[in-house]
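Okay, structure first, notes after.
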Amino acid sequence: MTNKQTATPYDADVAIIGGGLVGLAIAVGLIKKNLNVVIFDEGDQAFRASRGNFGLVWVQGKGDTCVEYARLSRLSAELWPGLADELSAVTGIDVQLEQDGGFFFCFSEEELEQRIEMLKSMRDAQDGDYPFEVLRQDELKKRLPDIGPDVTGATFGPLDGHVNPLLMLRALTEYFIKRGGKFVNNGTVKEITPEATGFSVVSEGQTYRYGKVVLAAGLGNKALAPLLGLEAPVEPNRGQVLVAERVEPFLQYPTSHVRQTREGTIQCGDSKEDVGFDEGTTTEVMAQIAKRAVTLFPKLAQAQLVRAWGALRIMTPDGYPVYEQSQQYPGAYVVTCHSGVTLAAAHAGPIANWIAGEGFNLDFSMEVFSAKRFSV
Amino acid sequence: MPNVSQFNRLKTRSASKVEVFIEGEKVEAYAGESAASVVLRAGMLPSRTTSVSGEGRAPYCMMGVCFECLLEIDGIANVQGCMTPVVDGMEIRRQNGARALMTTAIETKNQKAEICHPTKNSELIEGRVAGEV
Amino acid sequence: MKYELAVIGAGPAGMAAALNAADQGVSVVVFDEQAVAGGQIYRSVSQPLLADEKILGKDYYYGAGLVNRFNKRLQGDIDFVSNASVWEITRDKEINVSVAGQSYTYQADKVILASGAQERPVPFPGWTLPGVMTCGSAQILLKSSAVVPAEPLVIAGSGPLLLLITCQLLRAGVKVDAVLDTTPSDNYRTSAKHFFSALKGWRYLAKGLGLLLELKRSGIRYISQASALEAKAGEDGRLSEITFKHKDQRQTLPCTTLLVHQGVIPNVQLSRSVEIAHKWSEIQSCWHPDTDEYGASLSHPDIYVAGDGKGIVGALAAEISGACTGTQVAFMLNKIAANERDLIIEPLHKEMLKQMAIRPFLDELYKPEKAFRLPSDNTVVCRCEEVTAGEIRSYVRAGCKGPNQTKAFGRPGMGPCQGRMCGITVSNLIAEESDLPIETVGYYKVRAPIKPLKLGELAQMSKQ
């Protein structure tokens, strides 16, 4: 509970609906501006993409058909060290950010060629400022000695990296609480009403009033957005992550399919960070993920799988985020994306600035992220 | 504590014996006895160190629940000792911390995968019992 | 490989379920992790190593009859896959099993989970030290290897199995230095109300009294109302002594092996992984699947639970429970009519009532002391990831409302045991710290693989 007195009739300046990585990062950004923030969060069994993700802070290949998204991703990656330092300073939690570059693997010549073409076109769109390297099997083997013989090649993005997403969730939470943020837990929000000024939110029978409302409820945004004259056409897209036991360090870079955490556990996923949908039955998908991991690093065949998660990605029709303020009810915002880890530093920075009404110093307009693009 | 006593064997019915190696030392065992049981009799406590803090641990539940009895068996790391019946010549070692992944998978001399095809259960059972006892 | 019924676990419940279903013409496959049938209770009973049958006693050898009846059917109408680790059961009843390093998929119309019980995790300071083991583990060593624990030996805890293993070890000539009975004095008062109904289960009462007398006659040191148990390591990192409180005085005993026990709880790993509904039993202080009188899940039409896995009943009752569930499955598969089913099940139900008469008394009497359910802050709760009770409490204060959130915060439940050793304690701690009912707090979301599985083995399952 915060002791700060607000000069408004509101329970807090801003209410954020959703306590995942997206909602928390924005909350942290708003709190830094001395705003009073409340987060409405669901209970233990809620769908939580924040608990089921792969931890990549990823730039390469993101936004191949949307130059603004490419820039936002890169900007966020650049802002990440600052966020990590700040989280560590306030909470003492090291989120294990490493940004030494990352590999994207290709399993056929055709796939590799397409990949190179795509990255080249992105480089052109960024006026040549888009670093990446192409490594074929023999060069790749020098960098990653354990790579399997059936990997055709990889692209290496020097800006890519990873964090421990669970520590990140915890650090954001602790930061938020330490700086006076307040959680309303276990309350599934069903009613948000625009008032003459501000908004009222009903959760579990209680009514609260806030100056602004930010919808960061992931899949929950779809039902909530229309209440505020907004749209969030999101659908669930299941992604699965396999986690194998702790082993001695053997892989120091994050990759598109496998990464080793600092604890030594191996995460295998099918990072669809920059490609489309992923469907299939659980066992078959798990087996395919395992197969790809073993193809990449044959010695992983011996590693014991101890956990598997399925998590639901939050996908818009084109896969890009929605950031939009309601024209009908100014002060209501919707934020929806599937890259809550990569974009966290942007959410805690320029996106929070925009919500705080301070504008943002990005060299592109937020218009491109409006959900109106889907109704054209 | 000098000469800590060990887990001891009581009088048994006749059963076939095998020799296994605990950290290279020969130990007599009964076919079908679990590797964890042999470890306890040989006094190899702790039988592993954890990959988190390096703390020593030893068999605890003996029924496959706790995963404290992880051992290196015939070169394969992190094998549940209480669920692994010993066979002649088995080499059992302490599991120290996180395992290293070998560059090539080790084929154990005691590997018995070829016996098994669970479609025809009765054959499977006979095959396995014959192979092990 | 398709069957009408798949039974997971070949203990008394699983064997009885398979036999009764097969009796009615159901095609059955049974899976078990061990090489032979018997479960933990009748472990190795078909080929016992121990020469002296007096040590384990006749209740154990009774199991040989059931195992033999089961084994005889293996040439005929029951398929048994041994050394089989079931690592996934899907909601569509696809069963993935690992045998000798290779995985296979089975399909069944009905599934009976008979994966039994596990000992209640007993966290206290020092419970992770080499030399601290469970009473159940000592019994398994006796049954399967004719092996007894290193001395000096202390046995601490509460419950029928504690008395039984103590007597069995004494019969085996083991020197038991002390028995520390941690049963809280209050339990004698609260259990008294169930005593008269327990008289219907006089056989069990008589057996319990017999064990107590046996202990008394042996002259062993028996310390009632012991509390605040702690285990301490010597220089070699192994258990060297234990301390405890008795009559407000702290006492120390040198000790090489400490056997602990606080009763048993259903093994819910499989039932949780298929996402059938579970309930919390206050009197047994544990989770159990929510089922009807035949063991049918109330939330999945084709999944059944039999034996201790659906609530602790004991070996004989588990066998009856398996027989009922197996028969009910035959009925649901239209192998028998309702009246035929009732003819079989009615006498079983009657016998079940007799078997169960003593349960409320036992459950109340042997309810674990609070310190074991809600350990002190410095006690390790998650043995795999080495997370303490104090850390879990701090995650609750940081906003975690349930065990899946604490898992994300500090990794409890993420190690190789997959939460089996900490799950119940973590839920209890969260409920205490957040002042919420444990049913609201809930349990870990348990997902396949429910046993560790080599990535290479899983990779081979891919059809692509």
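Chain letters run A, B, ... following the sequence lines, proteins first, then strands; residues in each count from 1. Atom set for the values below is all heavy atoms of this structure, side chains included, hydrogens, waters and symmetry mates excluded.
When heavy atoms are compared at a cutoff of 4.5 Å, C:Val260 approaches chain B solely by way of its side chain, counted from C-beta outward. Contact annotation for C:Ile140: only side-chain heavy atoms (C-beta onward) come within less than 4.5 Å of a heavy atom of chain B. Both the backbone and the side chain of C:Pro48 come within contact range of chain B, judged by heavy atoms closer than 4.5 Å. Heavy atoms closer than 4.5 Å to chain B are found in the side chain of C:Arg43, but not in its backbone. Interface residue B:Tyr60: backbone and side-chain heavy atoms are both found under 4.5 Å from chain C. Neither the backbone nor the side chain of C:Leu259 has a heavy atom closer than 4.5 Å to any heavy atom of chain B. Only the side chain of C:Gln40 comes within less than 4.5 Å of a heavy atom in chain B; its backbone stays farther off. Contacts of C:Thr257 with chain B are made by side-chain atoms alone, with heavy-atom separations under 4.5 Å and no backbone atom involved. For B:Met83, the part lying near chain C is the side chain, with the backbone staying farther off; criterion is any non-hydrogen pair under 4.5 Å. For C:Gln118, the parts sitting under 4.5 Å from any heavy atom of chain B are the backbone and the side chain alike.
Between chain B and the residues C:Ala146, C:Pro452, C:Cys384, the most heavy-atom pairs under 4.5 angstrom are made by C:Ala146. Taking chain C as the reference chain and counting heavy-atom pairs below 4.5 Å, the highest number among B:Gln80, B:Met62, B:Arg57 is found for B:Arg57. Among B:Val38, B:Val52, B:Leu40, the residue with the largest count of heavy-atom pairs under 4.5 Å with chain C is B:Val52. The choice from B:Ser14, B:Ser47, B:Ser51, B:Ala58 that makes the most heavy-atom pairs within less than 4.5 Å of chain C is B:Ala58. Taking chain C as the reference chain and counting heavy-atom pairs below 4.5 Å, the highest number among B:Ala15, B:Cys82, B:Gly56, B:Ser53 is found for B:Ser53. Most heavy-atom pairs under 4.5 Å with chain B: of the set C:Gln269, C:Glu385, C:Arg411, this distinction falls to C:Glu385. Each of C:Val29, C:Val97, C:Leu153, C:Leu50 has some count of heavy-atom pairs under 4.5 Å with chain B, and the biggest count is that of C:Leu50. Top candidate by heavy-atom pairs under 4.5 Å with chain B, chosen from C:Asp52, C:Val30, C:Val132, is C:Val132. Across C:Thr128, C:Val174, C:Asn267, C:Thr134, the residue that shares the most heavy-atom pairs under 4.5 angstrom with chain B is C:Thr128.
Note: C:His261 NE2 to C:Met133 CE = 14.5 Å, rounded to the nearest 0.5 Å.
Using a 4.5 Å heavy-atom cutoff, the side chains of B:Thr84 and B:Ile73 are in contact. Contact annotation: the side chain of C:Trp127 approaches that of C:Val380 to within less than 4.5 Å [non-hydrogen atoms, C-beta and beyond]. Contact check for C:Val176 versus C:Leu170: side-chain heavy atoms found under the 4.5 Å cut-off. C:Pro149 places none of its side-chain heavy atoms less than 4.5 Å from the side chain of C:Leu141.
Note on C:Glu241 versus C:Lys232: no salt bridge recorded, every NZ/NE/NH1/NH2 to OD/OE distance being 4.0 Å or above. Salt-bridge formation is detected for the pair B:Arg41/B:Glu33: a Lys NZ or Arg NE/NH1/NH2 atom is positioned less than 4.0 Å from an Asp or Glu carboxylate oxygen. Residues B:Arg94 and B:Glu72 are not paired through a salt bridge, judged by the lack of any N-O separation under 4.0 Å between the basic side chain and the carboxylate. Electrostatic pairing of C:Glu53 and B:Arg13 counts as a salt bridge here, judged by a charged N lying under 4.0 Å from a carboxylate O. Under a 4.0 Å N-O distance rule, the pair C:Glu33/C:Lys451 qualifies as a salt bridge.
Formation of a donor-acceptor pair under 3.5 Å by the B:Gln95 side chain with backbone atoms of B:Asn78 is found in this model.
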